[in-house]
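Every chain is numbered from 1 and lettered A, B, ... according to where its sequence line falls, protein lines coming before strand lines. Note that these values count all heavy atoms, side chains included, but never hydrogens, waters or copies made by symmetry.
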Protein chains: 2
Amino acid sequence: MNKIAGQPRIEEVARRAGVSSATVSRFFSRRDLVSDKTAERIKKVADELGYRPNRLAGSLVTKRSRLVALLVPALTDSPFNAMIEAIVDALGERGYTAMLGLTGNRDETMDRVIDTALGLRVDGIIVTGVIADTATRDALRSANVTVVETWGLPEKPIDCAVGFSHHEMGRMTARFVHRRGYERPLIVAARGSRAGARRDGFLAEWSKLGAGESEEIEVEIPYGFGQARSVFRQMRSLETQPDVVVCGSDAFAMGIVVEAGRAGLSVPDDLAVVGLGNQPIAGDMRPSITTIAIDGGRIGQEAAKLFHDRAEGNEDGQHIIDVGFQLIERESA
Amino acid sequence: MNKIAGQPRIEEVARRAGVSSATVSRFFSRRDLVSDKTAERIKKVADELGYRPNRLAGSLVTKRSRLVALLVPALTDSPFNAMIEAIVDALGERGYTAMLGLTGNRDETMDRVIDTALGLRVDGIIVTGVIADTATRDALRSANVTVVETWGLPEKPIDCAVGFSHHEMGRMTARFVHRRGYERPLIVAARGSRAGARRDGFLAEWSKLGAGESEEIEVEIPYGFGQARSVFRQMRSLETQPDVVVCGSDAFAMGIVVEAGRAGLSVPDDLAVVGLGNQPIAGDMRPSITTIAIDGGRIGQEAAKLFHDRAEGNEDGQHIIDVGFQLIERESA
DNA sequence: TGCACAAATGATAACGCTTGCATAACGAAG
DNA sequence: CTTCGTTATGCAAGCGTTATCATTTGTGCA
């Protein structure tokens, strides 16, 4: 309204509506407690004044900020965006607001982001991936916020978790590759625990199946299409050429497909490719990419629900939700 | 520390450090006002207690939340992610926290998100794209928050803006297409003002160049690869076949390329394709996609800077920043 | 008409911090 | 050893809400 006077306060609304501030407060938080007649008056005045309760003040006394920190490593070319969208939506429906924290891949940034979140007295923190650092885990445990870890299933979650088993995903991939008759898989894995778990799962199952050798190339971040080029070159210089490449992302898989094409290799006959993530584009590619679908939206919804349940004091109920994953068999393998 | 007692308060820290709460407050906000000796004591106690100033309480008195609302239509397959990352980073460096609001494409959702932002008394709002609704614009203008509009250059910005001229982009595209000798462009544009401005710019320049006919197909959202299929079919049923397709995104352009390939058309000889956005993948595709690069990161940085300048009371200085764009000529056109 | 009980409203004390003003401590000059 | 100018600290009044408890108003029924 008036820049100098700042925003209108509840007191002002109360005065003009001829009621006490308590009643105005009730009107906004528990509408059913005020009579229709006064409610109408309050609404009218509030609209005129453009009054909006100050949540900072409110949260101070209720000790509930209705703020949730959303920690994600990155946004560009990230497989988490569907989950983030789902979380923001589901949280919004429940009256919570998401603050976005980009953690990158460094523990330090992660700590800084958690710090600001805690300073804001967020009601909860939803983390993309499992927090590795033990000190951080402990700090969080004692911070009186509910923490939801996603996209993985830690043995001992800080609080609760929703995701899937990367190890199991690796095993399933191995079974699939074996069933298809491929004999010399190349695993392209990123550094990091998630990719590591998939690789370990793959190798465990692979050796259990009594299958032959397998190669492995470690890359920085396997999300990118571009990185495929150098990895492909690396692959070509291996002694025994693999007959299938197991990738950490669809984009990367597509990169391998393109490179294979340029090298005169036909996919999947000369070289098969398995992606990860089931991005829409993977199905539209020619050849279409065989991949593993993870329902990010589902993870997000469950995470928001889990958070909300606990925030409402529902301590019981499931702490760990396995949303699983699904192999999508297409042309590339 | 102690769940029952809740988080430690400033008073507790003060007591244990043998100072007044005012001194502790100063230690956290204006370190230089506190002597080294007491500072050390305070730090020690604060660390032991795990004390972290409650920003809700602080903001209540300073009337500065150090919160900025970031309004984006979507995250998945969105060209804005680089900008969002840049904004969150740049804001974080300056001590601000970003809250994420997904506006979708409906005014109603936009209003709801703005409402929660205003309720949180955010210091600023950074909007992706220009806000169309006049009522919302007015509400924002009188809400005493600095608003930065991005990704476009409105005639009369609410407050300030950083982006580029979609109209000019359309014109440049027309000149390029003409220079390359194409004669029958097909424009695939989304509903909406941004795409509309590009189309208008294209048509204006195209007719100015005295070039021939041009066709247009309107789609819902042109970001997706998948949508290319139906549009391609639509295109094939046109009376005169276009020799170049001007797309609203790289993903869409890639979809057209793939469809063209399946239909036996060679790109760019039988059909040329121009993308938009310069996603990494566009350069790695075969054929590589000719596209227009927009520096989302730059937009983000400038937006954060602009916001910060104004939040600090720097009313003067530029209100509108044109970051331009760049045509990347590659194989597809 | 009066009474009991429910519904609606009011008064007021927090919530945890910041900041202007007042006071105390400390050096450097005189 | 004063005196004065810094530099460090303390006091206390808010900031704009909500929640508890008390009080008033309204309603159905004897």
Side-chain angles (χ1 to χ4, degrees), chain A residues 1 5-43 45-46 49-67 95 118-123 144, chain B residues 1 4-43 45-46 49-67 95 116 118-123 144:
Chain A
M1 200 87 271
Q7 318 244 42
R9 289 162 308 136
I10 199 173
E11 206 58 70
E12 177 71 7
V13 179
R15 202 174 53 70
R16 298 206 190 192
V19 294
S20 75
S21 62
T23 304
V24 178
S25 173
R26 288 191 193 98
F27 170 75
F28 281 101
S29 52
R30 308 200 39 194
R31 174 54 238 273
D32 55 306
L33 288 185
V34 320
S35 76
D36 289 354
K37 212 165 36 184
T38 35
E40 205 173 329
R41 278 210 316 282
I42 293 174
K43 178 160 168 37
V45 174
L49 254 48
Y51 170 75
R52 217 179 309 266
N54 183 332
R55 271 177 63 183
L56 298 175
S59 296
L60 188 57
V61 19
T62 58
K63 291 167 180 270
R64 310 194 55 212
S65 62
R66 304 215 132 230
L67 244 30
L118 260 24
L120 273 172
R121 299 294 187 269
V122 295
D123 291 343
N144 199 20
Chain B
M1 200 89 271
I4 295 158
Q7 318 244 40
R9 288 161 309 135
I10 199 173
E11 205 57 69
E12 176 72 5
V13 178
R15 203 172 52 69
R16 297 206 192 192
V19 294
S20 76
S21 62
T23 304
V24 178
S25 172
R26 290 194 191 96
F27 170 75
F28 281 102
S29 53
R30 309 201 38 196
R31 175 51 240 274
D32 55 304
L33 288 184
V34 176
S35 79
D36 289 355
K37 212 163 39 181
T38 34
E40 205 174 326
R41 279 211 314 283
I42 294 174
K43 180 162 168 35
V45 173
L49 254 49
Y51 171 75
R52 219 179 309 264
N54 183 332
R55 271 177 63 183
L56 299 174
S59 296
L60 188 57
V61 20
T62 59
K63 291 167 180 273
R64 310 194 55 211
S65 63
R66 305 215 130 230
L67 246 29
T116 57
L118 260 25
L120 273 172
R121 298 296 188 267
V122 295
D123 291 342
N144 199 22

Just jot down the side chain to side chain contact (heavy atoms under 4.5 Å, CB included) partners of S20(B), sequence neighbours excluded, or say none. A22(B), T23(B)
Interatomic distance where CG belongs to L49(B) and P belongs to dG16(C) [whole Å]: 14 Å
Axial bend angle, the helix from dT1(C)-dA30(D) to dG30(C)-dC1(D): five-pair end segments, nearest 10°: 40°
Could you tell me the boundaries of the chain A footprint on DNA chain D, defined by atoms under 4.0 Å from its heavy atoms? dG16(D) to dT20(D)
Holding to side-chain hydrogen bond (donor to acceptor under 3.5 Å, both in side chains), I want the full list of residues that pass it with T38(A), two or more places apart in sequence or in another chain. S35(A)
Assess the residue pair V24(B) and V45(B) against the criterion (side chain to side chain contact (heavy atoms under 4.5 Å, CB included)); give the C-alpha distance rounded to whole Å, side-chain angles, the decisive distance to 0.1 Å, and a yes or no. CA-CA 10 Å; V24(B) 178; V45(B) 173; over 6 Å; no
Of all residues at least two apart in sequence or in a different chain, which pass the salt bridge (Lys or Arg N to Asp or Glu O under 4.0 Å) check with R16(A)? E12(A)
Is a salt bridge present between D36(A) and R31(A), judged by a nitrogen-to-oxygen distance below 4.0 Å? yes
Show me the pairs that pass ring pair (Phe, Tyr, Trp, His ring centres under 6.0 Å) and involve residues 7-26 of chain B, at least two apart or across chains. none
Does R52(B) have any salt bridge (Lys or Arg N to Asp or Glu O under 4.0 Å) partners at least two apart in sequence or in another chain, and if so, which? D115(A)
A correct 5'-to-3' footprint of nucleotides 17-28 of chain C, with B, S and - meaning base, sugar-phosphate only and no protein heavy atom under 4.0 Å, is BBBB--------
Of all residues at least two apart in sequence or in a different chain, which pass the salt bridge (Lys or Arg N to Asp or Glu O under 4.0 Å) check with D32(B)? none
Pairwise 5' ranking along DNA chain D for K63(B) and S35(B), keeping only the more 5' one: S35(B)
Taken in chain and number order and not counting sequence neighbours, the residues that satisfy salt bridge (Lys or Arg N to Asp or Glu O under 4.0 Å) with K63(B) are none
Could I get the full list of side chain to side chain contact (heavy atoms under 4.5 Å, CB included) partners for L67(A), not counting sequence neighbours? R55(A), S65(A), T97(A), L120(A), V122(A), L120(B)
Determine the contact category for G18(B): base if any of its heavy atoms lies under 4.0 Å from a base atom, sugar-phosphate if only primed atoms, P, OP1 or OP2 are that close, otherwise nothing. sugar-phosphate
